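In what follows, a structure is listed as structure tokens, so that the remarks can point back to it.
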Amino acid sequence: MISDNIKSVTQRIASACERSGRSPDSVKLICVTKTRSISEIREAMAAGVVCLGENRVQDAVLKFAALGEKAEWHLIGHLQTNKVRDAVRIFSLIHSVDSLRLAQAINKEAARAGKTKDILIQVNTSGEASKFGLNPQDLTGLIKEAITLPNIHINGLMTIAPEASDPETVRPYFKALRELRDEARSAVIPPHALSILSMGMTGDFEVAVEEGSDMVRIGRAIFGDAHDR
Ligand SMILES: *Cc1c(COP(=O)(O)O)cnc(C)c1O
């Protein structure tokens with residue numbers, strides 16, 4: 001049952017918080033609804049889920065039309081510049097900004113809509129060629145440029161760890177994101193909060209919380225194994 005799974009995930013987050021001396025409400029659960037039906041999503045929302053994570057703008061457009069403002073929408077997948085207008089309209093937070101060009105496109109659409117859009121910068125902490133995300137050495141440079149854009153607000157950083165059967169093996173990537181955040185924070189003048197770390201998925205969220213995650217993005221532990229798409 002989806003509601004039992006949500007309860008169990010919430011408890012596991014709380015235990016990881018306790019182990020690391022953090023308050024259990026310091027971690028936000030993003031329920032990842034990609035490939036899931038409207039009725040499955042409604043079931044999760046009935047069980048108390050507020051934040052939904054989608055990885056494709058075109059899927060989110062349809063789900064947003066059905067479920068609308070009752071949820072808080074998070075874009076966790078790669079964003080193409082031709083989808084920025086819909087993304088700015090739908091999502092409260094865009095987790096996947098990985099270039100200045102994309103930051104500029106979001107800034108432009110946000111300005112047009114009379115908004116300031118919250119974003120995270122996605123960093124490829126593992127260096128895997130298959131992953132989107134900025135190279136860590138380019139982070140400070142991007143932040144220094146993007147921080148001057150008036151209609152976006154850089155709230156923090158996001159990463160996706162490699163798949164691993166033992167979550168301990170990916171702890172270094174979460175630690176790396178936290179350290180990159182701390183470095184970037186002190187490198188920009190005036191200091192910038194960059195307070196949010198979005199890291200941790202079904203296979204590794206407890207380790208991510210122990211390393212300071214503020215947002216975990218969880219799909220399979222809530223809905224079961226993903227359908228093919
Ligand atoms: C699919 C996805 C998740 C959720 O993964 P699960 O293993 O199902 O928890 C989290 N983050 C991103 C970016 C994803 O694409």
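Just follow the structure's listing: the first ligand is 1, and inside any ligand the first atom is 1. Everything numeric here is computed off the predicted structure, so don't read it as measured data.
Interface of G219 with ligand 1, defined as ligand atoms under 4.0 Å from a residue heavy atom, comprises 4 (C), 6 (P), 8 (O), 9 (O). Here is the list of ligand 1 atoms found below 4.0 Å of a heavy atom in I160: 13 (C). Annotation for ligand 1: atoms under 4.0 Å from non-hydrogen atoms of R217 are 4 (C), 9 (O), 10 (C), 11 (N), 12 (C), 13 (C). Ligand 1 places these atoms under 4.0 Å from at least one heavy atom of R220: 6 (P), 7 (O), 8 (O), 9 (O). Of all atoms in ligand 1, numbered sequentially from 1 with element shown, those under 4.0 Å from a heavy atom of I218 are 9 (O).
Classification of D59 and R36 as a salt-bridged pair fails, no side-chain N sitting under 4.0 Å from a carboxylate O. Classification of E210 and R171 as a salt-bridged pair holds, one side-chain N sitting under 4.0 Å from a carboxylate O. Salt bridge annotation for E211-K175: absent, with no cationic side-chain nitrogen under 4.0 angstrom from a carboxylate oxygen. The pair R89-D86 counts as a salt bridge, with a side-chain nitrogen and a carboxylate oxygen less than 4.0 angstrom apart.
When only modelled atom types and interatomic distance are considered, E18 and S15 share no side-chain donor-acceptor pair under 3.5 Å.
Counting heavy atoms closer than 4.0 Å to ligand 1, residue V32 contributes side-chain atoms (C-beta onward) but none from N, CA, C or O. Only side-chain heavy atoms of K34 come within less than 4.0 Å of ligand 1; its backbone N, CA, C and O stay farther off.
Residue K7 places its NZ atom among 12 or fewer non-hydrogen atoms of other residues, nucleotides or ligands, all under 6.0 Å distant.
In terms of protein heavy-atom proximity, atom 9 (O) of ligand 1 is closest to T202 OG1, 2.5 Å. Of the protein's non-hydrogen atoms, M201 CE, 3.5 Å is the one closest to atom 5 (O) of ligand 1. Scanning the protein for heavy atoms near atom 12 (C) of ligand 1, the closest one is I76 CD1, 3.5 Å.
In plain terms, the two heavy atoms of D204 and V170 that are nearest each other are CB-CG2, 3.8 Å.
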